[in-house]
Amino acid sequence: ESSVDMLVGPVNTEDNLDASGTLAATYENLATSRTVLADALKATGRELTVEELASVVKATSNTVTRIVSIRVKDDTAEGSTQLANAIGAQ
């Protein structure tokens with residue numbers, strides 16, 4: 001299993017933190033969307049269906065810290081890392 005964590009919103013400001021927290025929840029949902037998963041599969045060249053990938057991907061967000069975490073399970077550490085990074089890059 002591999003994961004990627006992303007900070008949503010500005011780093012050192014108190015402006016728009018509520019909006020950034022809401023945006024984090026949106027990114028959580030987008031991370032497991034068909035479009036993002038399909039694009040991640042294209043980027044990695046992996047021969048999985050979107051449904052197969054969706055079954056091994058979990059995304060969570062925290063509206064206070066504004067961190068979105070994406071976790072991917074795969075047969076190999078390299079495979080899960082590639083997929084997690086590709087999803088995060090979308």
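A quick note: this is a predicted structure, and the numbers were derived from the prediction, not measured. All heavy atoms count here, side chains included; hydrogens, waters and symmetry mates do not.
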**Study point:** Check: Ile70 and Met6 side chains under 4.5 Å, non-hydrogen atoms
**Key:** yes
Check your understanding: Is the shortest heavy-atom distance from the side chain of Leu83 to the side chain of Leu48 under 4.5 Å?
Key -> yes
Check your understanding: Are any of the side-chain heavy atoms of Val68 and Asp5 separated by less than 4.5 Å?
Key -> no
**Study point:** Listed partners of Ser3 passing side-chain hydrogen bond (donor to acceptor under 3.5 Å, both in side chains), at least two apart
**Key:** Arg71
Study note, to complete from the structure: Output for pair (Asp39 CG, Gln90 CD), nearest 0.5 Å, gives 4.5 Å
**Study point:** Reference residue Ser69; test side chain to side chain contact (heavy atoms under 4.5 Å, CB included); the match among Asn62, Thr60, Val4
**Key:** Thr60
Study note, to complete from the structure: Interatomic distance, CG@Asp74 vs CD@Glu1, rounded to 0.5 Å, equals 11.0 Å
Point to revise | Over 12 non-hydrogen atoms of neighbours within 6.0 angstrom of CD in Glu51 | key: yes
Review point. For the residue pair Ile87 and Ala40, what are the closest heavy atoms and their distance?
Key: CG1-CB, 3.7 Å
Check your understanding: Rounded to the nearest 0.5 Å, how far apart are CZ of Arg34 and CG of Leu53?
Key -> 10.5 Å
Practice item. Work out which heavy atom in Ala31 is nearest to a heavy atom in Leu37; give both atom names and the distance. Key: O-CD2, 3.5 Å
Practice item. Enter the distance from Arg46:CZ to Leu41:CG here, rounded to the nearest 0.5 Å. Key: 8.0 Å
Check your understanding: With no hydrogens and no angle check, is any side-chain donor or acceptor of Glu28 less than 3.5 Å from a backbone partner on Ala24?
Key -> no
